[in-house]
Amino acid sequence: MASVPALTDLTVADLWREVKDPERLWGDVSQHTLRTVKLLLENRMHDELVDYLTTDGHSTGSNCSANAAVSRVFTASQSSP
């Protein structure tokens, strides 16, 4: 079984050999992961927009027409490439 050297035994050059170059690093990020992050951000922005539009500045309440309008815009944006 191969032994792993202690971090205190490694040189700076040894540590830098472990660091990936930018091409390999970004190549590891799959398109699926990027799509997932995009959807998470868009959904969070949608929730914040609904909260903003349904708040009158003094209290929170639901404004059905504003919520419906935001949902239509959000759904339309989801269907575009």
Side-chain angles (χ1 to χ4, degrees):
M1 182 171 184
S3 65
V4 177
L7 286 176
T8 55
D9 297 337
L10 297 174
T11 66
V12 173
D14 294 330
L15 296 173
W16 274 111
R17 274 195 291 273
E18 298 294 323
V19 176
K20 294 181 178 183
D21 59 9
E23 291 80 21
R24 279 187 49 207
L25 176 66
W26 291 112
D28 289 345
V29 178
S30 70
Q31 290 299 315
H32 178 74
T33 304
L34 292 174
R35 174 84 174 138
T36 302
V37 170
K38 179 180 182 266
L39 288 173
L40 285 171
L41 290 173
E42 286 175 347
N43 287 334
R44 180 63 188 141
M45 289 169 46
H46 172 257
D47 293 343
E48 288 183 16
L49 182 59
V50 169
D51 289 344
Y52 178 77
L53 291 176
T54 58
T55 303
D56 64 4
H58 299 287
S59 64
T60 58
S62 67
N63 182 340
C64 294
S65 61
N67 197 0
V70 170
S71 293
R72 282 194 302 274
V73 169
F74 183 71
T75 303
S77 70
Q78 292 294 311
S79 62
S80 62

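Just the heavy atoms: all of them, side chains too, but no hydrogens, waters or symmetry mates, feed the values below. Given the structure is predicted, the values throughout are model-derived calculations rather than measurements.
In this structure, the side chain to side chain donor-acceptor pair (under 3.5 Å) partners of T11, at least two apart in sequence or on a different chain, are D14.
The structure places OG1 of T36 at 11.0 Å from CG of L41, a figure rounded to the nearest 0.5 Å. Rounding to the nearest 0.5 Å places CZ of R44 at 11.5 Å from CG of L49. Here H46 contributes atom NE2 and E42 contributes atom CD; the two are 11.0 Å apart, rounded to the nearest 0.5 Å.
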Query raised in the report: Going through the checks in order, is the side chain to side chain contact (heavy atoms under 4.5 Å, CB included) test met by L34 and V37?
Result: CA-CA 5 Å; L34 292 174; V37 170; 5.8 Å; no
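The shortest side-chain heavy-atom distance between D47 and V50 does not fall under the 4.5 Å cut-off.
Counting heavy atoms of neighbouring residues, nucleotides and ligands inside a 6.0 Å radius, atom CG of L40 exceeds 12 of them.
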